[in-house]
J.: 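Input: one structure, supplied below.
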Amino acid sequence: ILNVEQSPQSLHVQEGDSTNFTCSFPSSNFYALHWYRWETAKSPEALFVMTLNGDEKKKGRISATLNTKEGYSYLYIKGSQPEDSATYLCAFIAGAAGNKLTFGGGTRVLVKP
Amino acid sequence: DTEVTQTPKHLVMGMTNKKSLKCEQHMGHRAMYWYKQKAKKPPELMFVYSYEKLSINESVPSRFSPECPNSSLLNLHLHALQPEDSALYLCASSGFRVDRYEAFFGQGTRLTVV
């Protein structure tokens, strides 16, 4: 059983503040890591596909970094807005696991105006 | 069209019923997935189809029976379910290489077994 953990489970952020949270995964047999944003009553939506150690990806005010050697990824939200309120999920894919995405428990972000 | 369409959105079924969940995508994706999500838990993989063939079955009970009639459609046939099978069932599709391509998810079917 793969251990993919996200912390914190939830956080409240004041509008305009920046925040970040973590996805931890097994450092051996890494193949890829995905980040998804899941808003209530909507479909999970992909943010990033990350594969290389040291990778940094950016999409608007959201960015992510990847450290495969130590088994973690950070997601950053700069200048949080109420529309950033969602659950953020990471999904780990191990080498030779085929197309098996193993999800972490998610970080639920609530941005307060 | 980047949508994955799931029907129905909500389903209530008795333990002796037979029902099916449907999923459709027209993005040319050759990998399709069924996930089960219980409240406050992450989505758990049930099945993966690669090029219309079942490639991963995560030891799912036989009361769940997947089917991939063609490259655009994915079904999940349900029979003799238990109340603990009540959950959100998510369908997803992706390009075959998940180190290059993200998954696209439907909105899910909220299943209640009574």
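In what follows, every chain begins at residue 1, and chains take the letters A, B, ... in the order their sequences are listed. All values below were derived from every heavy atom in this structure, side-chain atoms included, with hydrogens, water molecules and symmetry-related copies excluded.
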J.: For the residue pair A:Y72 and A:Y74, categorise the inter-ring angle as parallel (less than 30°), tilted (30 to 60°) or perpendicular (more than 60°).
T.: tilted
J.: Please state whether the side chain, the backbone, both or neither of B:V48 comes within less than 4.5 Å of a heavy atom of chain A.
T.: side chain
J.: For A:L101, is it the side chain, the backbone, both, or neither that has a heavy atom closer than 4.5 Å to a heavy atom of chain B?
T.: both
J.: If you count heavy-atom pairs under 4.5 Å with chain A, which of B:S55, B:S50, B:G106, B:A31 comes out on top?
T.: B:G106
J.: Counting only heavy atoms closer than 4.5 Å, note whether A:F48 contacts chain B via side chain, backbone, both or neither.
T.: neither
J.: So what's closer than 4.5 Å to chain B heavy atoms on A:A91: side chain, backbone, both or neither?
T.: neither
J.: Does anything in residues 42-54 of chain B pair up under salt bridge (charged side-chain N to carboxylate O under 4.0 Å, His left out), and if so which pairs, sequence neighbours excluded?
T.: B:R30-B:E52
J.: Measure A:W38 against the heavy atoms of chain B and call it side chain, backbone, both or neither at under 4.5 Å.
T.: side chain
J.: Sorted by first residue and then second, give each side-chain hydrogen bond (donor to acceptor under 3.5 Å, both in side chains) pair with at least one member in residues 32-41 of chain B; sequence neighbours left out.
T.: A:N99-B:Y33, B:Y33-B:S94
J.: Please answer whether the main-chain N or O of B:C91 pairs with a side-chain N or O of B:Q6 as donor and acceptor at a distance below 3.5 Å.
T.: yes
J.: Can you tell me which residue among A:F30, A:W35, A:Y31 is in a ring pair (Phe, Tyr, Trp, His ring centres under 6.0 Å) with A:F25?
T.: A:F30
J.: Of all of A:G105, A:A32, A:A46, A:P44, which one pairs up most often with chain B through heavy atoms under 4.5 Å apart?
T.: A:P44
J.: Between chain A and each of B:E58, B:Q107, B:R100, count heavy-atom pairs under 4.5 Å; write down the option with the most.
T.: B:Q107
J.: I'd like to check B:M13 versus B:L78 (side-chain heavy atoms, cut-off strictly below 4.5 Å). Are they in contact?
T.: yes
